[in-house]
Amino acid sequence: MTFDELGLGAEVLKAVAETGYTEPTPIQAQAIPFVLAGRDVLGIAQTGTGKTASFTLPMIEKLSRGRARARMPRSLILEPTRELAAQVAENFEKYGKYHKLSMALLIGGVSFGDQEKKLDRGVDVLIATPGRLLDHCGRGKVLLTGVQILVIDEADRMLDMGFIPDIEEICKKIPFTRQTLFFSATMPPEIQRLTDTFLQNPERIEVSRPASASTNITQAIVKTTREGKRDMLRSLIRDENCKNAIIFCNRKRDVSIVAKSLERHGFSVGALHGDLDQSTRTKTLDGFRAGTIRLLVASDVAARGLDIPDVSHVFNFDIPTHSEDYVHRIGRTGRAGKSGIAYTLVTREDGKYLAQIEKLIGNAVPVHELTTAQPAPVGEVAIEAETAAEPATAPERKPRRSRAKPRKPEPILDSEALPPADPVAELVAETVEHIEHPEPVRRHEQTRHEQPRSEPRQEPRHERSRGRGRRDDDEGPKVLSFGDHIPAFMLNVVKLPKKGAKDIEEEEIEEVDDAGNVEEIDEIVEVEAQEA
DNA sequence: AAAAAAC
C-alpha cells in the first residue's frame, strides 16, 4: 500500500514524500479515504499510530479548494494540551507546504494580539485548546458558523481533564452540516455517549495499540526508597549511558526539585509542567527535541501524544498512580521504529500501583539491578553537560535565611561510592522505621513554625491558601467575615508529636538540600502557586 | 492523588 492510492492530490503527496514516508500507517490507510469522501470518522487510536496525519493530510486536500473569510475559520481542531496543539500545527505546516493554507494556533499562555490578527485575516485551519478558543469566542473575535470540518482529538483525555463541557459548548456553535472527526484512545461510556451526539453515521476505525507493552520497549522496575530516588536516578542515567531521557514525576513540585537536583549534579536538563510559562515550555521542548537538553523532567503534561522520534529512555521517577498513564509515559520512547528503555523507580509504598500496572499490561515487569556501584567520573559521562567540569553550572547558593536549622554538612563521600547496603538489613531498618512512624505524615507546614526564625518571612502562598499551618509570629490569614479578628478556635493547630515532627523536618531539609537551594525551591513553589 | 486548561 502506498500513499498514492488514497486519493490525495499531487501537492500533498509531494510533501509526504519529502518527509520520507512511503507507506501509510493502518489508521491513515483506513481513515483518509473516508475523510476525503466527507464522512464522519470515529478513530480509536493512540498517538504513535500516525493518527495526526490521518486527519491533517485529507484536510489539507479538502481545504485547498475554497477560501477563508475573516474571523470565520473553515476547520477547527481541538487538542487537550498546548504542546499537542503546537505539534498538530507543525504537522500542517510540514504537509501543507505546497498549499496556501492559512492557519492559526489558539492556545493559552501567549498573547492575544497575534492570534487576533490571524483571525481577522481569515484562517483555513484553526488549532486550539478549549479555554483560549472560548475566550476568543466570548470576545467576538471568532465565529464558528463557517466551520466545515471539526476534529476532536484525544477525546478521552479531554474527558479526564474536565474539558467535555467546553467541548459541548464549542460544538453548539458549529453547524450540524459539518464533518466531524473524533479520536480517542479508549472508549469509556461517557465518550461513547459523546460520539452519539457529535457524530452522524460515523465510520468506525479501530487500530491496535502502538508498541505499548510490546517488543521495542524494554521495561524494568528499580527498587529504591523515597529518600534514595534521586541518587538512584543519577546512577541509572550514568549506568545506562542514555542518549537522552524523559523523567516523569507525579507532581509539579517534584518536577522542579528533580530538575534542580540534576542540574546541580551537572546534567543537561530542562523542566516541563503546566505551571511554567508558555515560552519556557516551548523553549524547553524545542531544546529537548534539538538535543541541546538531554534530560527532560516532566509532569504528565508530556505523558501523552508528544511525538519526539528519538527518546532513548523514559524514567518514572514516581510510579504513575493511574495505570493507563504508565503506558502513555513509556510510549514516549521506542518510537519511529527505534528501541527504547523504560525504568520505573518503585518504593515499598508503591506496591498497589505496580500491581495495577502489571495487571493492565498483562505481565510482570522485571526487576533491574544496577551494574555499577561506582559513580562515573564527570568528564567521561556523555550525557552530562559539556560545561560540567566547571562547577559553575551548579546554581549559586544564596545564603539560607528562612531556616534557623543549620545545613547538614555535605557528605564527603558521594553515597554512590559507598558499598551497596545489605538489602535485608535495609528492609529491617525500613520496617522498624515504618512501625515507629506508621503514618508518613508530610504536613511540614505544621512543623516549620515550631522552628524559631531569624527574620519574619511570608508563608509561601500555597501554604496560606490551603489554610492549614500557621506561625505564631505572623499576621495570619485575613478572614473577611470576622474582620481582622480571628476567633481563637480557628487558630488551633493540631501539634504533631515532637519526635515525629523532628524527623519530618530533617527529611524536608535533606530533600531540599540535595535539590540545590532552599530559597530557590521555596520561590519555585511560590511562583507555581501564584500561577495556579 | 495529581495533572491539565482562560484571563
Side-chain angles (χ1 to χ4, degrees), chain A residues 47 77-88 105-116 119 126-142 152-170 185 226 246-259 271-278 280-282 284-285 296-306 316-329 332 347 349-354 356-357 439-443 462 465-466 525 528-532:
Chain A
T47 40
I77 298 165
L78 294 171
E79 295 288 335
T81 67
R82 299 169 185 175
E83 277 74 14
L84 282 179
Q87 198 168 279
V88 172
L105 178 62
L106 302 190
I107 59 173
V110 293
S111 75
F112 281 87
D114 292 352
Q115 297 179 354
E116 284 177 0
L119 288 171
L126 197 57
I127 302 160
T129 46
R132 181 55 72 96
L133 176 63
L134 284 172
D135 209 338
H136 278 287
C137 289
R139 292 159 177 246
K141 293 296 178 189
V142 61
I152 298 167
D153 199 11
E154 302 269 334
D156 50 351
R157 193 169 181 206
M158 301 252 206
L159 175 71
D160 287 348
M161 289 164 64
F163 282 168
I164 297 304
D166 287 353
I167 301 297
E168 286 178 318
E169 194 180 334
I170 291 164
R226 231 171 36 193
I246 303 179
I247 297 152
F248 284 103
C249 301
N250 288 355
R251 295 173 192 80
K252 290 179 278 200
R253 184 174 181 273
D254 293 325
V255 169
S256 302
I257 291 173
V258 171
L272 188 72
H273 64 70
D275 282 353
L276 297 169
D277 68 78
Q278 191 55 40
T280 308
R281 282 167 68 166
T282 307
T284 301
L285 199 54
L296 181 69
V297 188
S299 70
D300 278 324
V301 70
R304 300 199 200 191
L306 282 195
N316 286 313
F317 183 82
D318 298 311
I319 193 167
T321 54
H322 200 268
S323 52
E324 274 289 332
D325 288 335
Y326 175 81
V327 181
H328 292 297
R329 287 182 181 184
R332 294 316 100 209
T347 70
E349 294 88 10
D350 296 336
K352 74 171 175 188
Y353 300 125
L354 181 61
Q356 284 168 13
I357 288 165
E439 283 303 302
V441 189
R442 312 271 301 172
R443 300 179 63 180
H462 73 291
S465 65
R466 278 179 198 162
V525 173
E528 283 171 7
Q530 279 165 11
E531 282 169 6

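In what follows, chains carry the letters A, B, and so on, assigned in the order in which the sequence lines appear, proteins first and then strands, with residues in each chain numbered from 1.
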message = Evaluate A:E324 against A:D160 for side-chain contact (heavy atoms from CB on, under 4.5 Å), listing each step before the verdict.
response = CA-CA 12 Å; A:E324 274 289 332; A:D160 287 348; over 6 Å; no
Full working for side-chain contact (heavy atoms from CB on, under 4.5 Å) between A:I107 and A:E79 = CA-CA 9 Å; A:I107 59 173; A:E79 295 288 335; over 6 Å; no
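The side chain of A:R281 places an N or O atom within less than 4.0 Å of a non-bridging phosphate oxygen (OP1 or OP2) of B:dA5. Remark: A:T129 is in phosphate contact with B:dA6, judged by side-chain N or O atoms under 4.0 Å from OP1 or OP2. The phosphate of B:dA6 has OP1 or OP2 within less than 4.0 Å of a side-chain N or O from A:R82.
Atom pair A:R157:CZ and B:dA2:P shows a separation of 18 Å (rounding to whole Å applied). Distance CZ (A:R251) to P (B:dA2): 5 Å, rounded to an integer number of Å. In this structure, A:R304 places its CZ atom 11 Å from C1' of B:dA4, rounding to the nearest Å. Rounded to a whole Å, the CG atom of A:D135 is 15 Å from the P atom of B:dA5. Going from atom CD of A:E324 over to atom P of B:dA1 covers 20 Å, rounded to whole Å. In this entry the distance linking CD of A:E168 with P of B:dA5 reads 21 Å, nearest Å. One atom, CG of A:L306, and another, C1' of B:dA3, lie 14 Å apart when rounded to the nearest Å. In this structure, CG of A:N316 is placed 17 Å from P of B:dA2, rounded to the nearest angstrom.
For A:H322, whose side chain is taken as the heavy atoms from C-beta onward, the closest listed nucleotide among B:dA1, B:dA4, B:dA5 is B:dA1.
Put simply, CG on A:L134 and CZ on A:R139 are 12.5 Å apart, with the number rounded to the nearest 0.5 Å.
For A:T321 against B:dA1, a side-chain-to-base donor-acceptor contact under 3.5 Å is present.
Between A:I127 and A:A85 the shortest heavy-atom distance is CG2-O, 3.5 Å. Among all heavy-atom pairs drawn from A:R281 and A:L276, the shortest one is CD-O, 3.4 Å.
At the heavy-atom level, A:G138 lies nowhere under 4.0 Å from the strands shown. Residue contacts for A:D166: at a heavy-atom cut-off of 4.0 Å it reaches no nucleic acid atom on any strand shown.
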